[in-house]
Every structure is written in structure tokens, then in C-alpha cells.
Amino acid sequence: FIRYSAGYLEQGYDKNDIFVHPDFINDEEHTLLAKCCERKLKRLASTYEMGHFDKRIHNYRECSVSAWLPQKRAVAGRVAEAMGRAVDPDPIDLPDRAANGKSGGWTTVGKYDGQVRHILDRVWELFPSSFAWLPPHILDLHENGEILPHVDNPDYSGFTVGGLSLLGSAVSTFRHVDDPSVSVDVLLAPKSLYFMTNRIRYQFTHEITVDPEQRRWQGKIVPRARRISLMFRDAKVPESGWKSLAN
Ligand code: AKG
């Protein structure tokens, strides 16, 4: 599921800065999550945003789901709010996508939220309990959609970013901002979970390309397909610290 470039290995970059759990969820959980994501998206974004030429993501729908935050870590939601993010929880390009006013948003508690939380608890449990999380973000990329190379806004979220992949497969490339020979390709197969941290989080761009050569995996081109990713980001600790916000 992970392919390191020769440059990545020769220059001694850390293999732990990105990890993938294939089959993190089973078929039944995949069906449930895909259905729940559809329901949330339907309420919040009925059409795909084509995006403009200068935007980093094309042909997508998205929303954030505060109802899926773990209760015991709900403080993260309050932190996001205190930091002014409740109105547009856009992790990639806050000013542009806030301006179009159509994507993003918050949802209320729905019929299946309890079952979904049970699955998501397994994600939170991979990290120390001191971690606080922003609301999970659903990104629905159309079969003709693409994500251009970008580094997630470091002012928006913290040290670790991950995604649970649903529906179609894609290949994502992570490339060092100063040295394109240092890269990692990851096969984002349905049911898999990946996380990037450290250098890959801050010093590498990531992208999902429509270029067939870049979508090659074990000799075959991964066909373009609609894909939903459920994205996880930890909240940055505000300068005032957690305590004052939590109380
Ligand atoms: C992002 O949210 O920054 C992405 O690039 C999405 C990646 C993914 O869909 O796994």
C-alpha cells in the first residue's frame, strides 16, 4: 500500500511519518459509513463544486460532522468554535472556499450517528487520549475530480492528518516541497485508513491526480472512480492552552 521513492529511502526519511491500515473496517462497516456519508452530504451539498482553475481541488462535495466527534473529546469542537472555525471548517484553502459559501457546514445528530461513532472510536484509539480532534470531514471526490498538490493549512489543524477511504480506489502522491525526488505513493483502497504526521504532514505536498501514469500501481492503472474520504485532523492547541477553553 506504500511505495517510497529511492530519494526518500536514501536520504533517510522516516518511514513512520505515514502509515496505512489496509482493511481497517470490514464490508458491513464500509456499507454503513458510505450510506451515512451520503446522507450527510445530501443535506449539505447537493452538487459537486467544479472549482476554479486556481483552486486546489476540483469536482467535489464536502461537509464536516461535529456529531461524529467522540463525546469525551468534544472539547475539540469547542476549541474549533473558539478559534472561529465553526462557520467554515475548511482545512485546505479557507479564504477561497469560505467565499463560495456553498460547501462545508455542520450537521445535527442523525439516525445512524451512534453506530458510526462506534467505528470511529477505533480511529481515535490509535492515538493517545490527550489528543483532541476536529470534527471528521467528509470529502466526496467525483470520478473526474482531482486534488492538486498542497500542504494542509498548518494554521487550521495540528500534527496529524488521516483519511478513511470509501468507494473507489485512488493513488495519492506525497512529495517533498523542496525536493521532488523525495516522494511516497500510497494506494488509498476502500476500507483502508492512512495517517501522515511529522515531516510528511508539514514538508510534503499531497495530491490525487488524474494523470494515468501517476495512478499506476503494480503495473496496472487504477481506474478513476468516485471516492469518499472521511478525514481526521487533530486540533491545534491554542496559545491560551486547553484548560481555559475546556472550563
Ligand atoms: C485533504 O483533505 O487535504 C486531502 O487532500 C484529501 C485526501 C484524501 O481524500 O484522502
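Just so you know, these numbers come straight off a predicted model, no measurement behind them. Order of listing sets the numbers, starting from 1, for every ligand and every atom in it. In what follows, every heavy atom counts, from backbone to side chain, and hydrogens, waters and symmetry copies are set aside.
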> Got a second to check how far Gln203's CD is from Arg175's CZ, nearest 0.5 Å?
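It comes to 15.5 Å.
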
> Applying a heavy-atom cut-off of 4.0 Å, say which part of Arg233 lies close to ligand 1: side chain, backbone, both or neither.
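Under 4.0 Å from ligand 1, Arg233 contributes side-chain atoms alone.
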
> Can you sort out which atoms of ligand 1 are near Leu139, meaning under 4.0 Å from one of its heavy atoms?
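Heavy-atom distances to Leu139 below 4.0 Å select 6 (C), 9 (O).
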
> Is there a heavy atom of His150 sitting under 4.0 angstrom from any atom of ligand 1?
yes

> Answer yes or no: is there a side-chain heavy-atom contact under 4.5 Å between Asp185 and Tyr4?
no

> If we only consider heavy atoms of His137, is any one of them less than 4.0 Å away from an atom in ligand 1?
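His137 does not count as a contact of ligand 1 under the 4.0 Å cut-off.
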
> Can you list the ligand 1 atoms lying under 4.0 Å from a non-hydrogen atom of Tyr194?
7 (C), 8 (C), 10 (O)

> Give every residue pair that meets the salt bridge (Lys or Arg N to Asp or Glu O under 4.0 Å) criterion with at least one member in residues 128-144, sequence neighbours excluded.
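Of all non-adjacent pairs touching residues 128-144, those that pass salt bridge (Lys or Arg N to Asp or Glu O under 4.0 Å) are Arg61-Asp140, Asp140-Arg226.
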
> Any ring pair (Phe, Tyr, Trp, His ring centres under 6.0 Å) pairs touching residues 164-184, not counting sequence neighbours?
Tyr13-His176, Phe174-His206, His176-Phe204

> Report the part of Ile57 in contact with ligand 1, treating N, CA, C, O as backbone and CB onward as side chain, heavy atoms under 4.0 Å; options are side chain, backbone, both, neither.
neither

> Any idea which part of Arg227 is under 4.0 Å from ligand 1, heavy-atom wise: side chain, backbone, both or neither?
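Arg227 to ligand 1: side-chain contact only, backbone stays beyond 4.0 Å.
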
> Just to verify, which of Thr160, Asp17, Val151 counts as forming a side-chain contact (heavy atoms from CB on, under 4.5 Å) with Arg201?
Val151

> Is the gap between the ring centers of Phe1 and Tyr194 under 6.0 Å?
no

> Which atoms of ligand 1 have any heavy atom of Ser229 under 4.0 Å away?
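Within the 4.0 Å cut-off of Ser229, ligand 1 contributes 8 (C), 9 (O), 10 (O).
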
